Protein chains: 2
Amino acid sequence: MIDREHLYLRLAVDLAILTVRDDALQALVITRANEPFRGRPALPGGFLRGDEDIDEAAVRELAEETGLDGTALHLEQLRAYGAPGRDPRGRIVSIAFLAIMPDLPLPTAGSDASSAAWVPVERVRGTLSFDHDEILDAAVERARTRLEFTTLATTFCGPSFTIGDLRNVYEVVWGHPLDPRNFSRKVIGTPGFVEPTGERRIPEIGRPAALYRAGTEKSLNPPIMRG
Amino acid sequence: MIDREHLYLRLAVDLAILTVRDDALQALVITRANEPFRGRPALPGGFLRGDEDIDEAAVRELAEETGLDGTALHLEQLRAYGAPGRDPRGRIVSIAFLAIMPDLPLPTAGSDASSAAWVPVERVRGTLSFDHDEILDAAVERARTRLEFTTLATTFCGPSFTIGDLRNVYEVVWGHPLDPRNFSRKVIGTPGFVEPTGERRIPEIGRPAALYRAGTEKSLNPPIMRG
DNA sequence: ACAAAAGTGTTCCTTCTACACCCATGA
DNA sequence: TCATGGGTGTAGAAGGAACACTTTTGT
């Protein structure tokens, strides 16, 4: 075997971190503090270190950018991006991840980022550095199909939520309204999707709603139809 | 930016190449010609070169191992495997691919492989080098769900096939029988799944069956239920 | 009383499922 | 005419879609 064929390169992880905030699907976008693309928006990410697995690198980067423990949240590999020339610094292959979070305040601004902020994905479209627009598109599409077939939507919510909150997640991610009555029945009638806490939430106006927490079931079948 | 943090490594692509052959789901397994694991079974694969994208490397490796043009077949990224120590040669991260082929003769034995052969996945289980057992498991599970939601099963068949041939693919991959009559109706009633060629195949015994080729539709909705 | 959001009941329709039955061919 | 696999008809069950209607709160 000829060693010339063996290309040495650097491996990065890039994170598409999504949340539902102000009735919009938003992504965590940083402003780059270093070249290349200094001062331009990008997805958070960083280089793989010598002693860690790829998923560990993703969890570490998530913690560095958001201060949150990624092991409790949804973190999933999307795919590898490795077009020659996708990074001006040289041959860098990136493993893209999808991360789902509830709408929590961001405790820290990361080291490599001069700022980190939630931005609606509709506004981010077409503005990102490297091939991060493509990564974000893939992440959003993956999240959309995950809502159909898994209980992932509960990860967008906090520790307790109403069926209306959960429906709002679906409506925002899918971009169209759902029938509240059929949705309610479907969710409550699916064993392991949600569990009642016994508490209720009293809104400013209207009938109080029962509160639920995420159940133990992870997959949905039959799925929730996207309409 | 501290350069010590940037790990340089080599990137490999590994291919789980599946076919349906002799009423069994089989994988293309090579016997390694070089260290490490010389003489042991493994999935075909190789290192990324400097001028190619990851998917191009997968197509190239598929051609080298099977002599077939991968652009016409189904080739799909599974995920990256990068545990430190997964390869005794050093830090090597591998992008795993799923490839689907009809049951064709294998024209060539590859350069890095002393032999390449189809082996039923049930017999391969637990015998492969590196973390290739894990990769193959992921590939089989991905193929199973792809049959539900896409027209991928036609890729297992040749250029023309009967509905019975197609059903056999489903039965072998899923591991349980399907109702021939309902299956027939479902496939023929799904626009774009299959197109009649006008030809018929006369079997040794029994009624001749109409021949079809793959249609243009790639996704199935509603899906074919796995039972 | 009214607005607003939570939830229930009911009807219609599509699709899956199971199985009875008919069709076309070679031996 | 029989065995074998290809293909159609049809009745029942299950679940989705649509929507009328009731419930529970604050103002």
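Quick note on labels: first sequence line is chain A, next is B, and so on, each numbered from 1. Just so you know, these numbers come straight off a predicted model, no measurement behind them.
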Checklist entry - Which is true for R226(A) with a 4.0 Å heavy-atom rule: it touches a base, it touches only sugar-phosphate, or it touches nothing? => result nothing

Next on the checklist: I'd like to know if R207(A) reaches the base of dA6(C) with its side chain such that a donor and an acceptor end up less than 3.5 angstrom apart.
Outcome noted: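 Counting by modelled atom types and ignoring angles, a donor-acceptor contact under 3.5 Å is found here.
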
Next on the checklist: For dG6(D), does the base pair up with any side-chain atom of R200(B) as donor and acceptor (N or O, under 3.5 Å, distance only)?
Outcome noted: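 Not at all, since no donor on one side and acceptor on the other fall under 3.5 Å apart.
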
Ignoring backbone atoms, test whether [X] places a side-chain nitrogen or oxygen under 4.0 Å from the OP1 or OP2 oxygen of [N].
X: R181(A); N: dC21(D); answer: no
X: R167(A); N: dA6(C); answer: yes
X: K186(B); N: dC16(C); answer: yes

Nearest-Å distance, [atom1] ([X]) to [atom2] ([N])?
X: I205(B); N: dT1(D); atom1: CD1; atom2: P; value: 17 Å
X: F183(B); N: dC16(C); atom1: CZ; atom2: C1'; value: 15 Å
X: R185(B); N: dT14(C); atom1: CZ; atom2: P; value: 17 Å
X: L178(B); N: dC16(C); atom1: CG; atom2: P; value: 13 Å
X: D179(B); N: dG6(D); atom1: CG; atom2: P; value: 12 Å
X: L211(A); N: dT24(D); atom1: CG; atom2: P; value: 17 Å

Next on the checklist: Need to verify one output field. Residue with the more 5' nearest nucleotide on DNA chain D, E204(A) or N182(A)?
Outcome noted: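 The 5'-side residue here is N182(A).
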
Item to check | Which residue lies more 5' along DNA chain D, comparing G206(A) with I188(B) via nearest heavy atoms | outcome: I188(B)

Next on the checklist: For S219(A) and E217(A), which I'm curious about, is there any donor-acceptor pair between the side chains at under 3.5 Å?
Outcome noted: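 The criterion, which ignores hydrogens and geometry beyond distance, is satisfied for E217(A) and S219(A).
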
Checklist entry - Any chance the side chains of T197(A) and S160(A) put a donor and an acceptor closer than 3.5 Å? => result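 Not at all, the side chains of T197(A) and S160(A) share no donor-acceptor pair under 3.5 Å.
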
Can you tell which of [options] lies closest to the side chain of [X]?
X: A209(A); options: dC19(C), dG16(D), dA6(C); result: dA6(C)
X: I202(B); options: dA18(C), dG26(C), dG26(D); result: dG26(C)
X: P208(B); options: dG7(D), dT17(C), dA24(C); result: dA24(C)

Next on the checklist: Quick check on DNA chain C: between D165(A) and I224(B), whose nearest nucleotide comes earlier from the 5' end?
Outcome noted: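 Nearer the 5' end of the strand: D165(A).
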
Next on the checklist: Can you confirm whether or not the ring centre of Y212(B) sits under 6.0 Å from the ring centre of F161(B)?
Outcome noted: no

Checklist entry - Yes or no on ring pair (Phe, Tyr, Trp, His ring centres under 6.0 Å) for F149(A) and F149(B), after CA distance, side-chain angles and deciding distance? => result CA-CA 12 Å; F149(A) 301 107; F149(B) 301 107; 5.2 Å; yes

Checklist entry - Is a donor on one side and an acceptor on the other found under 3.5 Å between the side chain of W118(B) and the backbone of R21(B)? => result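 Checked: no pair found.
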
